[in-house]
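Notes to accompany the following structure.
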Amino acid sequence: MGFMSVLSFAHKLISERLTLGDRAIDATVGTGADTLFLAKATGTRGEVYGFDIQATALRLAEERLRLAREEAPSLATVTLLERSHAEMAEAVPANWHGTVGAVMFNLGYLPSGDADKNIITQPDSSIAALEASLQLLRPGGIITAVLYPGHAGGDKEAAAVESWAAAVSQKVAQSIVYRQLQRTDSPYMIALEKKKESPLKL
């Protein structure tokens, strides 16, 4: 029995912290796998926002959610927006600030056969989105970011995210890395948990 995949570990960490009725954000909708996971984890009283700059991604996610609702209708209300994750603080309702239980990032490109692999997440917008996520989290809330250093541009983004996470004050959040050490180009995950009594200003 091997270690969990980075995605499975991200889901595990979030499952241990999210409760039914919580609010959550999928910062990079992609094909909607994480969006669906969050919708199941927060249940019918929960609310989920999802962000992606590609209409193709949102269509894939909408279809995934539609099929899931046919089998298990007890999913959260999901709002999908064709916007950059860097705009999430302005895009979610004002009363979400400081109340979000989890924000998920799965960086890189859209993992779909007909997608343009040249469209990738960028360090500047990803860091801006991570900053916004930290402001949106409730005390005890969590951010997970799966990073892909193996594709062109992915190594720079991964390094930028890792540096950002390491620089977050321990008074605000604690951060961890989950990584296979023998393969430097393998995907890995960074997670941040907001302190239960975090300062109001970061």
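Position 1 is the first residue of the sequence; numbering continues from there.
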For this session: Go through the steps for Leu147 and Val6 under the test side chain to side chain contact (heavy atoms under 4.5 Å, CB included), then give the verdict.
Result: CA-CA 9 Å; Leu147 310 169; Val6 289; over 6 Å; no
Exercise. Run the side chain to side chain contact (heavy atoms under 4.5 Å, CB included) check on Leu75 and Val78 step by step: do they pass?
Worked result: CA-CA 8 Å; Leu75 299 180; Val78 177; 5.9 Å; no
For this session: Take Ile127 and Val161 through the test side chain to side chain contact (heavy atoms under 4.5 Å, CB included) and record every step on the way to the result.
Result: CA-CA 6 Å; Ile127 297 299; Val161 171; 4.1 Å; yes
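Judged by distance alone, the side chain of His97 and the main-chain N or O of Ala89 form a donor-acceptor pair under 3.5 Å. Asp185 places no side-chain N or O within 3.5 Å of a backbone atom of Pro149 that could act as its donor or acceptor partner. Checking side-chain atoms of Arg179 against main-chain N and O of Thr184 turns up a donor-acceptor pair under 3.5 Å. Of the possible donor and acceptor atoms, one in the side chain of Thr121 sits under 3.5 Å from a partner among the backbone N and O of Gly108. At distances below 3.5 Å, not a single donor-acceptor pair connects side-chain atoms of Arg17 with backbone N or O atoms of Ala102. A distance-only check finds a donor-acceptor pair linking the side chain of Thr28 to the backbone of Asn106 [under 3.5 Å].
Glu87 is linked by a salt bridge (Lys or Arg N to Asp or Glu O under 4.0 Å) to Arg83, counting only residues two or more places apart in sequence or in another chain.
Distance check, rounded to the nearest 0.5 Å: CD of Gln174 to NZ of Lys195 gives 5.0 Å. Separation of atoms CZ (Phe105) and CD1 (Ile190) is listed at 11.5 Å; rounding is to 0.5 Å. Within the model, atoms CG of Leu58 and OG1 of Thr31 stand 11.5 Å from one another, a figure rounded to the nearest 0.5 Å. Separating the OG1 atom in Thr77 from the CD atom in Glu47 is a distance of 6.5 Å, to the nearest 0.5 Å. One distance of note links CD1 of Ile143 with CG of Leu130; it measures 6.0 Å at 0.5 Å rounding. To the nearest 0.5 Å, the span separating OG on Ser5 from CE on Met189 amounts to 10.5 Å.
Between Glu16 and Lys12, at least one side-chain nitrogen of the basic residue sits less than 4.0 Å from a carboxylate oxygen of the acidic one, meeting the salt-bridge criterion. A salt bridge links Glu70 with Arg66: at least one charged nitrogen is closer than 4.0 Å to a carboxylate oxygen.
The ring-ring contact (aromatic ring centres under 6.0 Å, His included) analysis of residues 16-67, with sequence neighbours excluded, yields the pairs His11-Phe37, Tyr49-Trp96.
Heavy-atom minimum distance, Ser74 versus Thr44: CA-CG2, 3.3 Å. Looking at every heavy atom in both residues, Ala160 comes nearest to Pro123 through CB-CB, 4.1 Å. Shortest non-hydrogen contact noted between Tyr178 and Tyr188 is O-CB, 3.3 Å. Counting all heavy atoms, side chain and backbone alike, Val100 lies closest to Val103 at CG1-CG2, 3.9 Å. Counting all heavy atoms, side chain and backbone alike, Val29 lies closest to Ala57 at CG1-O, 4.2 Å. The nearest pair of heavy atoms linking Ser84 to Ser125 is OG-CB, 4.2 Å.
Residues Ile176 and Leu181 do not share a hydrophobic cluster, clusters being chains of Ile/Leu/Val/Met/Phe/Trp/Tyr side chains in contact below 4.5 Å. When the side chains of ILVMFWY residues are joined at heavy-atom separations under 4.5 Å, either directly or via intervening members, Leu20 and Ile25 end up in two distinct hydrophobic clusters. In the hydrophobic clustering of this structure, Leu67 does not group with Leu65; members are Ile, Leu, Val, Met, Phe, Trp, Tyr whose side-chain heavy atoms approach within less than 4.5 Å, directly or through other members.
Other residues, nucleotides and ligands contribute only 12 or fewer heavy atoms inside 6.0 Å of the CZ atom of Arg45.
The shortest distance between side-chain heavy atoms of Gln54 and Leu60 does not fall below 4.5 Å. With a 4.5 Å cut-off on side-chain heavy atoms, Leu107 and His85 count as touching. Counting heavy atoms from C-beta outward, Arg64 and Thr35 have side chains that stay 4.5 Å or more apart. Using a 4.5 Å cut-off on side-chain heavy atoms (C-beta onward), Trp164 and Leu192 make contact. Taking 4.5 Å as the limit, some side-chain heavy atom of Leu18 sits within range of a side-chain heavy atom of Thr42.
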